[in-house]
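For reference, the structure discussed in these notes is given below.
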Number of protein chains: 2
Amino acid sequence: MPRLSKLSPERGDARTRLLEAARDIIRAKGFAATTVDDLCKQAEVTKGAFFHHFGSKEALGVAVAEFWADTTAAFFEAAPYHLPDDPLDRVLAYVAFRKAIIVGELAEFTCLVGTMAQEVYATSTDIREACGKSIFGHAATLEADIEGAVRARGIRGDWTPESLARHTQAVIQGGFVLAKAGNNPDLARESLDHLDRYIRGLFNLPKEAAQ
Amino acid sequence: MPRLSKLSPERGDARTRLLEAARDIIRAKGFAATTVDDLCKQAEVTKGAFFHHFGSKEALGVAVAEFWADTTAAFFEAAPYHLPDDPLDRVLAYVAFRKAIIVGELAEFTCLVGTMAQEVYATSTDIREACGKSIFGHAATLEADIEGAVRARGIRGDWTPESLARHTQAVIQGGFVLAKAGNNPDLARESLDHLDRYIRGLFNLPKEAAQ
DNA sequence: AAGTACATACTATACAGTCGGTATGTAATA
DNA sequence: TATTACATACCGACTGTATAGTATGTACTT
């Protein structure tokens with residue numbers, strides 16, 4: 001139950017503002033290079049507020065990973081790729097959707113928890129686990145459609161729906177790494193085209209130019 | 001012309017020792033969380049030596065990315081995946097080789113420049129560019145074999161050898177991200193199996209269990 | 001003699017985290 | 001209804017330490 005400040009009630013509560021600031025700044029600078037003062041400045045709150053809501057910088061890292069998991073879950077649940085009747089069409093629509101939302105600056109479309117996991121996997125178990133939950137939780141939302149597609153089309157391969165679901169995430173994350181290294185969003189889109197082609201191949205669809 | 005210390009001439013020169021320390025520590029903790037003192041301690045040199053060889057911490061970041069590019073280039077050049085006569089076999093052998101070298105701890109097989117690029121892409125243009133050079137330079141070493149395979153097998157698809165070469169790197173990098181997030185090297189191997197299957201599909205090879 | 005390759009001691013600052021305090025809301029009770 | 005008691009949300013000055021970087025000196029090589 002966040003309290004709104006009487007002085008500037010339109011700002012939203014400090015905790016949420018800090019999480020939003022963390023999401024934006026950590027995506028650009030990384031976790032270690034982001035200071036508590038950076039976050040307070042961006043969120044327009046003081047350090048008192050920061051340490052009132054989060055016991056430590058690491059605790060904020062865990063909280064922002066969970067915040068990311070929650071907000072992205074809602075975002076993808078509401079996305080239109082669930083509309084097709086055929087499960088395989090939904091899977092392909094997901095890939096197309098992931099490609100379509102790659103717009104604007106790198107820090108606006110890349111993945112907070114992928115970036116954080118890479119950085120802190122050896123230094124903070126808590127943050128790593130929160131990031132893992134977000135990534136693999138999202139991957140799991142794809143399994144039902146993949147499984148449905150396998151069933152509906154009578155596919156028999158030496159791979160599992162869980163494995164393919166995780167692979168989609170690996171391709172997406174890897175595309176982000178290349179996009180950052182090359183400073184070019186096209187590199188992320190390019191790998192999604194290969195992923196689309198791969199999935200079509202797995203299900204014996206006629207080859208079709210990926211959009 | 002590195003001078004060997006009279007006290008312990010077997011140590012090797014300080015610059016190389018610092019680069020090796022940077023490679024190992026940054027892979028585990030990330031660039032920002034790695035301090036100059038960490039590096040000096042691990043390399044068993046003093047800060048004087050550090051700032052004698054590198055003008056700043058950022059300059060070391062650039063140097064270690066170049067060091068990585070050089071050492072990995074030599075490593076992959078000497079690797080056995082170049083032996084097969086057929087270019088497609090060489091491409092598949094590359095993927096198998098990348099899978100085979102995923103052994104031991106995460107920090108021992110993951111990619112320094114992929115990790116660094118993710119972290120510093122917005123804060124250090126110099127380091128980002130050095131990382132990009134390493135990644136895309138390595139990708140380029142695959143192009144000739146892919147091109148040869150396309151030619152030899154008369155493949156006609158809506159993709160280019162350059163693009164597929166980059167995609168292999170995206171899958172590898174993404175596999176590392178998932179392996180870190182899930183604290184499980186199998187996740188990196190799993191995506192290489194999908195990559196193997198994808199390439200076989202592109203070249204109309206009979207489906208075969210990836211090893 | 002001059003340059004290279006270090007070592008040692010030091011500095012200024014940036015950083016995470018602390019602490020005493022205030023303002024506001026809420027619930028019980030007299 | 002007024003009072004008391006307590007909880008929550010936040011403020012901002014302060015602290016100890018960690019950190020990148022510097023200044024100076026020395027040993028070895030050419």
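These numbers were taken from a predicted model, which means no experiment stands behind them. Naming: A, B, ... by sequence-line order, numbering from 1 per chain.
Between the CG atom of B/L192 and the CG atom of B/L187 there is a distance of 11.5 Å, given to the nearest 0.5 Å. In this structure, OG in A/S191 is found 12.0 Å from CD in A/Q173, a value given to the nearest 0.5 Å.
Residues passing the side-chain contact (heavy atoms from CB on, under 4.5 Å) test with A/E129 are A/T125, sequence neighbours excluded. For B/Q42, there are no side chain to side chain donor-acceptor pair (under 3.5 Å) partners, not counting sequence neighbours. For A/R15, there are no side chain to side chain donor-acceptor pair (under 3.5 Å) partners, not counting sequence neighbours. Residues satisfying the side chain to side chain donor-acceptor pair (under 3.5 Å) test with A/E190, not counting sequence neighbours, are B/S163, B/R166. B/A79 is linked by a side-chain contact (heavy atoms from CB on, under 4.5 Å) to B/Y81, B/F97, counting only residues two or more places apart in sequence or in another chain. Looking at residues two or more places apart in sequence or on another chain, you find no side chain to side chain donor-acceptor pair (under 3.5 Å) involving B/E143.
DNA chain D is contacted by no residue of residues 123-131 of chain A, taking any non-hydrogen atom closer than 4.0 Å. Contact check of residues 19-35 of chain A against DNA chain D (heavy atom, cut-off under 4.0 Å) returns no residues at all. Sorted by residue number, the members of residues 49-58 of chain A with any non-hydrogen atom under 4.0 Å from DNA chain D read A/A49, A/H52, A/H53.
In this structure, A/K41 places its NZ atom 16 Å from P of D/dC11, rounding to the nearest Å. If you measure from atom CG of B/L18 to atom C1' of C/dA5, you get 12 Å, rounded to the nearest angstrom. Rounded to an integer number of Å, the gap from B/L60 CG to D/dG21 C1' is 14 Å. One interatomic measurement links the two molecules: CG of A/D13 to P of D/dC10, which rounds to 6 Å at whole-angstrom precision. Taking atom CG of A/D38 as the reference point, atom C1' of C/dA16 lies 12 Å away to the nearest angstrom.
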Enumerate all atom pairs, one protein N or O and one N or O from nucleotides 14-16 of chain D, separated by less than 3.5 Å.
none

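Nearest-nucleotide assignment on DNA chain C puts the 5′-proximal partner with A/D37, out of A/D37 and A/G48.
Heavy-atom neighbours of B/E108 CD from other residues, nucleotides or ligands within 6.0 Å: above the threshold of 12.
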Donor-acceptor pairs under 3.5 Å, side chain of residues 174-181 of chain A to any protein atom, not counting sequence neighbours: which ones?
{"residue": "A/K180", "atom": "NZ", "partner": "A/T115", "partner atom": "OG1", "Å": "3.0"}
{"residue": "A/K180", "atom": "NZ", "partner": "B/Q118", "partner atom": "OE1", "Å": "2.4"}

With a 3.5 Å cut-off and sequence neighbours excluded, list the donor-acceptor pairs that the side chains of residues 31-40 of chain A form with protein atoms.
{"residue": "A/T34", "atom": "OG1", "partner": "A/G30", "partner atom": "O", "Å": "2.6"}
{"residue": "A/T35", "atom": "OG1", "partner": "A/D37", "partner atom": "N", "Å": "3.4"}
{"residue": "A/T35", "atom": "OG1", "partner": "A/D38", "partner atom": "N", "Å": "2.9"}
{"residue": "A/T35", "atom": "OG1", "partner": "A/D38", "partner atom": "OD1", "Å": "3.3"}
{"residue": "A/T35", "atom": "OG1", "partner": "A/D38", "partner atom": "OD2", "Å": "3.2"}
{"residue": "A/D38", "atom": "OD2", "partner": "A/K29", "partner atom": "NZ", "Å": "3.0"}
{"residue": "A/D38", "atom": "OD2", "partner": "A/T35", "partner atom": "N", "Å": "3.1"}

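B/Y94 and B/R98 form a side-chain donor-acceptor contact under 3.5 Å, judged by distance and modelled atom types alone.
Listed for the A/R27 side chain is no donor-acceptor partner under 3.5 Å among the backbone atoms of A/C111.
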